[in-house]
Each structure stands twice: as C-alpha cells, then as structure tokens.
Protein chains: 2
Amino acid sequence: MKSHQVTIKDIAKILDISASTVSRALKDHPDISIETKNKVKELAEKLKYKPNAIALSLQSNKSHIIGIIVPQIVNHFFSTVISGIEELAAEKGYNIIITQSNESQKKELANCQTLLSGRVDGMIVSRTKNTENFDHFRNILSTGTPIVFFDRTCHGIKTDKVIIDDYKAAYDATEYLIKTGCKNLLHFAGPENLKISSKRMWGFADALKRNNIFFNEEMVYYADNFSKGYNLTFELYKSNHLPDGIFTVNDMTAAGTLSALNELKIKVPDEISVFGFTNGIISQITSPSLSTVEQNGYLMGYSAAEILINKIENETTDTISKIIPTKLIIRNSTKKL
Amino acid sequence: MKSHQVTIKDIAKILDISASTVSRALKDHPDISIETKNKVKELAEKLKYKPNAIALSLQSNKSHIIGIIVPQIVNHFFSTVISGIEELAAEKGYNIIITQSNESQKKELANCQTLLSGRVDGMIVSRTKNTENFDHFRNILSTGTPIVFFDRTCHGIKTDKVIIDDYKAAYDATEYLIKTGCKNLLHFAGPENLKISSKRMWGFADALKRNNIFFNEEMVYYADNFSKGYNLTFELYKSNHLPDGIFTVNDMTAAGTLSALNELKIKVPDEISVFGFTNGIISQITSPSLSTVEQNGYLMGYSAAEILINKIENETTDTISKIIPTKLIIRNSTKKL
DNA sequence: AAAGAACTTGCAATCGTTTGCGAGTGCGTT
DNA sequence: AACGCACTCGCAAACGATTGCAAGTTCTTT
C-alpha cells in the first residue's frame, strides 16, 4: 500500500531537471523560464502532485495544525464550538486535531503530550471539571505554544480566553423568573471549583438579594446532568421541597427536571418555572420547550480560533479575554412577562 | 514565540556527543554504554524532550493521523461516531483530524485535498447527501490511502464500510407499528439517492406488503429534519391526511413531528404512533419519549477505526463490510405489544 | 609485543521541500 | 574581440530523527 504519492523529485526526474527548479516553477519564481514552468505545471497537474505538508512543516517549523482538547465531543455545546473553530481554521488553511479528556485529568495530560509531540501551532482548550493543577498547561505555554481557553478557564494562568459573562447571564435569567412571579427559587448547580458554575451560582444569589429575596446556601443543590436533575426533582417532591422556580446550570439538567415534572404531572410553567442554560438543540425539543440562556458556542469557537491564529501568525504577546454576549431565550417553560 | 522545543541535537550539543548516540541511547540500543544512556535520559527528562512527530512522519512516511470527513460535527450521531473513532485511535497512537463538509460536495472535495496533502494514513468518511460523483474518493484510493466509509456509503466503490442493516431495522420498526394496531401508516423519508434512506424506505414498504397492507408511493413523504417533520405534520393535518402511525427516517424528524402533534393536541400514541431512527439523546427528551431504532454510533466509529488501522498496519487488500447490529428501543411514542 | 575481538561512538544518507548562492549559457556593448 | 550582464538552472544545506557502516578505543590473547 501507500503506493507512493507524487513528489517534487519524481517530477524532476521525469523532466530531467533539478528538484529546486520544479519547486520554483510551481510557485512562479521569476528565475524560471516560461517553457519550463509550463512543462512542470502540466506534469504536476497530470500526476496530481500535492505538496507534502509534513515536509513543509518540518522545514518551516509550523504544522498549521490547531490542537483541541474538550471534555467530550458528544455534547451539543462542545461540538458547536468545534464547528466554529473548524470553520475559521479551514478558511485560514489550518487543520484541527481533536482530543477528548472524558473529564479525566490523566487523559487531559496525555492529550497535552500528544499534541505537543505533534507540534501543533497552538491549542484551544476547555478543561476537565476536576483539574486543580494546571502545570501541564503552564509547561506548554513555556514552550512558546499558545493556548486559548474557552468556557472553562484556568484560574491563575495568564493566557487568552473566550468566555461569556456567566454571572450576568445567570443574574438576568434569575431576575426574569422573579419578575414573572416566582418567589421560591432553587438553583441546580455544577461543581464549585468550576468557575462557570460558581459564577452562575453567584449570579443567581445576587439576583435574589437585589430583589429583596432571602438567599442561603440551602437553595443551591448540586445537579449538572440529565439524570441528576431528574433524580433531584423526585427527591425534592418526596420531601415536599419543590419550589415554584428552578434555574439550572445547563440545559441537560433542566431537561431531566422537566422530564421528572412531567411524570409527576406537575404543570410547567403554571406550578413551576424552569430556566436552563446553553440553548442547545434539546431546549427546543423538551416539552414544554425550554427557556434558556443563549450561549453562542459557534461564535465562541470562531473567536477562539481567531485569537489563536492571530497569535500564531503575528506572535503578539498581549493576552485577550473575549466575552461573547449572551441573551435570554424565552420559550414555554417559564411564564410570560 | 515558538521559543524552540527541545530536539535531539540540543541534547547532543550539551552533552558533546553526536545526535545518533542520543537517538540510540533514548531507545536503549545495546551499542550504547550505560553511563551514556543514563546521562542522555536524565537530560532528556530534565529538558522535557518530546520526539518531533513531524520529523518521524517524514522519515517513516507514516503520519499516524486518521482523517475524518463528516457532513457536520454538530450532530449527535456523527459526534458519537467520532467519539468511537477517537477512543480506539488514541489507544493505538493515532491522532484524528476532523473536517466537515456541511453537505456541500465542493467542501467535501476540498477536505479530501487537505487530508491528502496532510498525508493522513487513512480516512473515515460519511459522504454528503448530494454527492453523485465519487471520483475524488477513487483518486484517494489510487494513491494507496485506505478509506473506510460508514453509514452513508458510496455505491460502486469497492472499499471497506461499516453500516447497519437499514432495510431490516426499518422493516422491524414498521412491523412493530403494525403489530401494535396501526393500519394507516406513513413514512417520512430522506433523499432517494442516499442508500440508507432508500433502504429504510424499502424496509417500510416491504413490511407493509408482507403484512398484507397496501403500499404505494404516496405513503412516502420527503422530510428528514426537525422543521420539515414539523411542517409536514401540519400540512397533513390541514389536508386531513394524518395517519395512525408514522415511521421517520431519523429522530430529529420524529421530534419535529411530535412537536407539531403536541401543538395540535393530538395524543401520542393513542391517536398516532411515531417511530424514529438513531436513538440519539433527543429520543429520551421528547414528550412522549420516542420509540426508535438503536444505531450504535460509538460502535460504528470504533469498528471503522479498527478496520482502518488494521488496513494501515497490515496492508491487507481484502475489503470488509461490517454490519453493526441494531435493535428496537420501545418508549412511549408507540403503543405496547 | 602485536594482533584481533569487543565495545562505543560518529559520519553520512535519507525522508520532501525550500532557498541562498554559484555557475553556465547567450546576448549586446565598447 | 573581450567584457559584462541577463537569464536559467543546479548544488548544497537545512528542518529532526533514524540507521547501516566505518572508525576509534580499550582489552584480551597468543
């Protein structure tokens, strides 16, 4: 197999000229005569010559590859971000290599090694929930390979990031619930050490306080996926602690909550309002459809790629924190204003 | 930037020995004395030396990269397949480069060029809906780069593929609808030139015929995404053509249909049963939850990677068509047996 | 004491491409 | 007729790593 792709040398041999001439002819170097250029180009076309990107990388010390690490590919938000990255990358002539950490710090570390060994020009990363030690990222940065973080960032590392204003978005969503008449709210939160989670939690808390509603930590439960949302809702029901409004840290948790409420025959939004976060596809499919915060993943990916490529090509050193605007998407799981 | 990653030469220079010695020392070649080995390994560790994968690729003519082309990354099925590929690839020491065609033949062609230029060791592909001309794939195969197709395959190209038995799965799903009492069935289908679509259609048709139910082409409508399913359902309602059972080509179409039926206050499954295809996350989230065909994307990806890597490493020439088993997942959008 | 064996290590070519510099030809000018 | 200048093109080194072969040193053996 690998029956040999055509190289410059092959063309040179057939035409009985040197490889350098072929190289120059292919890129219209003025030193080369028109006849030679034509001969070369014609043969290259005929043999379907494609430059060997690997050889070019070795030579130029640039791979034109962007490495990506996400917790999981099978996730609407992350795949949307990847799609945004891919879009700009393809346009700018970069390839993307994707790895997933599966929320395991060990795998994340291995991914870093692999990408470093693959000499990617830069990396775009959303870290695992559990990671507390960020030395592996610091090591990469010290080699001169730029990293842009998105969504889940790393506290204490000075580098570029693309994020949303989680605090404000959560504040706004919570305030919407209050304005539509909810008086007894709960928050289903993600892990505390994840900045996006804690910010959303504080946005929730502060919205209550500023609206003169009592807040304490017992109004925050840990639940950040479908089944946790589902189970928690049942538990609250059994212990007679169901509120009249729930703000969840993401859409999947909200979907689990809605699913449980449906089974319990509790009417949404009449008895309980539910507000999600992310605006994934599922928010249109739940019954009732889910009010949520639009977190433009595509734009986040596109922006991250934009910042990274700029850094790669212009070798600037200043770091950027780009904030992607969010907005409330009001559907049928909440009451109208 | 790119402040220079450590190379073998750097180590050689510091230790005042040759690059060849360093190379051999690092791989425990018996020619090298233990003292030298220790010195080299120690320094390599200290400087965090990582072999330059690009140089190795150039040398060995193997990139250890698998190229992937999917219509879109933001799609539960495709991202699940990618996840399966990534899993085995990572285990076997391969990286994956992902490109998306966005259902555009032009982009698909460009992706082929890029991957070929990147000298990927092999490719895993699901083609666009529209592609009719497969010459670009033939050209790749003629360079000796193996391709494994999955799900959407290419008629007339002799190469490996990983598929499901779409005909049988559709037949079984349809028969289930019949057995649970549906007498007036419709099929919401995908494009005819897509083999998976036409096979599902024929499975539907034959299930009717074998169960002595009249079939003609007017029982097949074209609708293969959420909004088409949604709109078509409304149209059928208005023209008074709603059936008592619908088998859709995929889950998203079924979700659109369910959404419309919900708005029309038509009871599922009492008045109309709906059967989907794929078993994506959304099938658990719709209301009622969706009966569907499980199409194990993860396993498809894993198997495709398995076949491809085997082909790359063992250079076999026989082609495989692997069929991933499916099964019916019965939820609440259909009646019970 | 000389010769060969055993043990270490370095040289150079290779993978495909680019690029500075040197060299060869043919022409026109003085 | 001799010189210089365009115009073409090739040589060789470089990118990082590997590897067959040659070469160097040290030690043992006769």
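Reckoned from all heavy atoms, side chains included, excluding hydrogens, waters and symmetry mates. Note on naming: letters A, B, ... go to the chains in the order of the sequence lines (proteins, then strands), and numbering restarts at 1 for each one.
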For the helix from C:dA1-D:dT30 to C:dT30-D:dA1, what is the angle between the axes at its two ends, each from 5 pairs, rounded to 10°?
80°
May I ask you to say what A:I54 touches in the nucleic acid, namely base, sugar-phosphate or nothing, with a heavy-atom cut-off under 4.0 Å?
nothing
Among the nucleotides D:dG16, D:dT19, C:dT17, whichever has the atom closest to the side chain of A:L56 is C:dT17
Which class fits the ring pair B:F149 and B:F137: parallel under 30°, tilted 30 to 60°, perpendicular over 60°?
perpendicular
Looking at A:R119 and D:dG16, is any side-chain donor or acceptor paired with a base atom of the opposite kind under 3.5 Å?
no
Given C:dT19, C:dC11, C:dC15, which nucleotide is nearest the side-chain atoms of B:S20?
C:dC11
Check the phosphate of D:dT18 against B:S23, side-chain N and O only, distance under 4.0 Å to OP1 or OP2. Yes or no?
yes
Would you classify A:T36 as touching base, sugar-phosphate or nothing, given that sugar-phosphate means primed atoms plus P, OP1 and OP2, and contacts are heavy atoms under 4.0 Å?
sugar-phosphate
Once you apply a heavy-atom cut-off of 4.0 Å, does B:D31 come out as touching a base, just sugar-phosphate, or nothing?
base
Starting the side chain at C-beta, find the nucleotide from C:dT18, C:dC15, D:dC9 nearest to A:S33.
D:dC9
Using only side-chain N and O atoms of A:K9, determine if any of them is under 4.0 Å from OP1 or OP2 of C:dT14.
no
Have B:S83 and A:Q72 got a donor and an acceptor in their side chains that come within less than 3.5 Å?
no
